Amino acid sequence: MLESIKYKIKSLLPKRLLYFYHLSTARRAADYDLRRRVYDKVYNDGAAEKVKRDLTLLYHIVEKGLTMPIPRPGFGKKAVIDLCNVVLRYERMNLSQDQMEFVQSVTVLKEYNKLHKEIGFQLDDDVIERLNRVVNRFDNVKGLEQIDISEMEYFKNVNAPFDVFCRSRFSVRNYTNKEIPLEVLYDCIDLAQKSPSFCNRQPTRVYIVKSAATKQAILDVQNGNRGFGHLAETLIVLSSVISTTKDIHERFENHLNGGMFAMTLLNALHFNKIAACSLNWSVSSDKDLIMRKLLNIPENEVVLLVISCGYPPENFKMAASPRKKANEITTIS
Ligand SMILES: Cc1cc2nc3c(=O)[nH]c(=O)nc-3n(C[C@H](O)[C@H](O)[C@H](O)COP(=O)(O)O)c2cc1C
């Protein structure tokens with residue numbers, strides 16, 4: 001009864017009034033999160049967390065460069081110098097040198113140094129000076145080197161028990177132009193649909209992109225695919241229907257549900273021996289609008305993620321991307 005009265009009143013109100021009412025509620029709710037984020041940026045002097053974040057962002061650029069289909073000699077000069085500087089800053093801060101971020105940064109810099117020595121490429125003096133400081137200083141720091149693997153070896157565990165299967169998936173940034181049949185992609189999407197969703201509302205939508213021109217136009221506005229994106233035989237774009245959420249407090253559900261869907265999809269692609277890599281869609285509104293236009297994505301959907309995929313070549317490289325241990329990220333109370 002009360003519900004139907006409410007509904008009646010709502011339907012009598014001018015849409016514009018409703019719009020501004022909901023906008024102000026939404027602003028208040030969003031403000032709660034935004035303030036925490038801005039506060040963290042300005043006031044949180046968690047220097048240790050932030051220096052580890054910077055190490056990870058930078059070593060990831062270099063590890064990706066090391067595993068590109070065709071590594072460009074001298075690649076990533078700025079990232080390498082910045083990474084050396086952050087490693088040295090980390091040391092000056094007297095932080096533990098057992099931490100994964102530090103160990104992996106030093107390891108990646110050593111690999112970069114070794115690769116250029118092996119191919120006889122003369123790096124610029126300023127790079128050599130920084131690299132030598134790190135390489136000589138942390139001689140006994142050893143993390144995981146990037147992985148050189150055959151297609152057979154990479155997919156050998158696709159039918160293994162879950163723990164082995166799960167550990168065998170990596171982001172692969174190298175693809176052949178062999179066509180992925182649509183039926184196979186539909187099978188993967190059907191498996192991804194088994195992901196849990198809020199009240200089973202199943203908000204995620206999938207766009208399969210095969211057209212070369214559309215793929216390129218999307219990759220042009222995505223900032224993490226240089227050196228390999230152009231090889232993707234298929235791009236999968238995930239979006240989520242905003243109208244599946246009821247009120248503003250459900251505002252994270254699109255991304256949360258989409259994240260769960262994306263993980264199952266990545267596993268399903270792996271199970272079907274398709275190499276894949278997530279590509280972030282943390283873009284400015286002008287780029288988001290380009291994507292919407294390219295794929296005709298309706299206003300009531302939010303774009304979440306792009307996944308590049310294809311069958312891999314016979315041999316390829318992939319980033320080791322080590323993980324922190326459970327006890328490092330878990331709190332018990
Ligand atoms: C939300 C998200 C966005 C990502 N964006 C990119 C990207 O733009 N470019 C890229 O090369 N890798 C991207 N990745 C892949 C990560 O770098 C990769 O998952 C991470 O390093 C762990 O490695 P693994 O997938 O091999 O286990 C992204 C991953 C996620 C989950």
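None of the values given here were measured: they were computed from a predicted structure. As the structure lists them, so they are numbered: ligands from 1, and atoms in each ligand from 1.
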Item checked: Contact atoms of ligand 1, heavy-atom distance to Arg323 under 4.0 Å -> 22 (C), 23 (O), 24 (P), 27 (O)
Item checked: Protein heavy atom at shortest distance from atom 1 (C) of ligand 1 -> Leu305 CD1, 3.8 Å
Next item on the list: State if Trp281 counts as touching ligand 1 under the rule of any non-hydrogen atom under 4.0 Å.
Entry: no
Next item on the list: Identify, by atom number and element, the atoms of ligand 1 in contact range of Leu279, meaning under 4.0 Å from any of its heavy atoms.
Entry: 5 (N), 6 (C), 7 (C), 8 (O), 9 (N)
Margin query: If the threshold is 4.0 Å, N to carboxylate O, is there a salt bridge linking Lys78 and Asp82?
Written below: yes
Margin query: Against the six-membered ring of Phe165, is Arg167 placed for a cation-pi contact (under 6.0 Å from the centre, within 45° of the normal)?
Written below: no
Check: What residue and atom, counting heavy atoms only, is the protein's closest point to atom 5 (N) of ligand 1, and at what distance?
Finding: Asn280 N, 2.9 Å
Next item on the list: Tell me which protein heavy atom sits closest to atom 9 (N) of ligand 1, plus the residue, atom name and distance to 0.1 Å.
Entry: Gly224 O, 2.8 Å
Item checked: Backbone or side-chain N or O of Ser278 under 3.5 Å from ligand 1 N or O -> yes
Next item on the list: Give a yes or no on whether a salt bridge exists between Lys317 and Glu63, defined as a side-chain N under 4.0 angstrom from a carboxylate O.
Entry: no
Next item on the list: Identify, for atom 20 (C) of ligand 1, the protein heavy atom at the shortest distance, and state residue, atom and that distance.
Entry: Ser321 OG, 4.4 Å
Item checked: Salt-bridge criterion met for Glu101 and Lys324 (N-O under 4.0 Å) -> yes
Note to self: Do the side chains of Asp31 and Arg35 get close enough for a salt bridge, i.e. N-O under 4.0 angstrom?
What the structure shows: yes
Note to self: Taking a cutoff of less than 4.0 Å between a non-hydrogen atom of the residue and any ligand atom, is Asn225 in contact with ligand 1?
What the structure shows: no
Item checked: Electrostatic pair Lys156:Glu153 at N-O distance under 4.0 angstrom -> yes
Notebook entry, point to check: What are the atoms of ligand 1, with element, lying closer than 4.0 Å to any heavy atom of Cys277?
Noted result: 10 (C), 11 (O), 12 (N)
Notebook entry, point to check: Under the side chain to side chain contact (heavy atoms under 4.5 Å, CB included) criterion, do Arg251 and His249 qualify, and how do the steps go?
Noted result: CA-CA 5 Å; Arg251 67 194 174 283; His249 301 296; 4.2 Å; yes
Checklist line | Min heavy-atom dist Arg169 to ligand 1 below 4.0 Å | finding: yes
Next item on the list: For atom 18 (C) of ligand 1, grab the closest protein heavy atom and report residue, atom and distance to one decimal in Å.
Entry: Ser171 OG, 3.6 Å
Note to self: For the backbone of Gln193 and the side chain of Gln202, can you confirm whether one donor and one acceptor N or O come within less than 3.5 Å of each other?
What the structure shows: no
Notebook entry, point to check: Where the closest heavy atom to atom 15 (C) of ligand 1 is concerned, which of His60, Arg167, Arg173 has it?
Noted result: Arg173
Note to self: For the 3.5 Å polar cut-off, considering only N or O atoms, please tell me whether Phe228 and ligand 1 meet it.
What the structure shows: no
Notebook entry, point to check: Is Asp126 salt-bridged to Arg130, going by a charged N under 4.0 Å from an acidic O?
Noted result: no
Notebook entry, point to check: Is Lys246 paired with Glu253 through a side-chain N to carboxylate O contact shorter than 4.0 Å?
Noted result: no
Item checked: Nearest candidate to atom 10 (C) of ligand 1, where distance is taken over non-hydrogen atoms, out of Lys64, Gln222, Arg226 -> Lys64
Notebook entry, point to check: Quick one: which ligand 1 atoms are inside 4.0 Å of a heavy atom on Phe170?
Noted result: 26 (O)
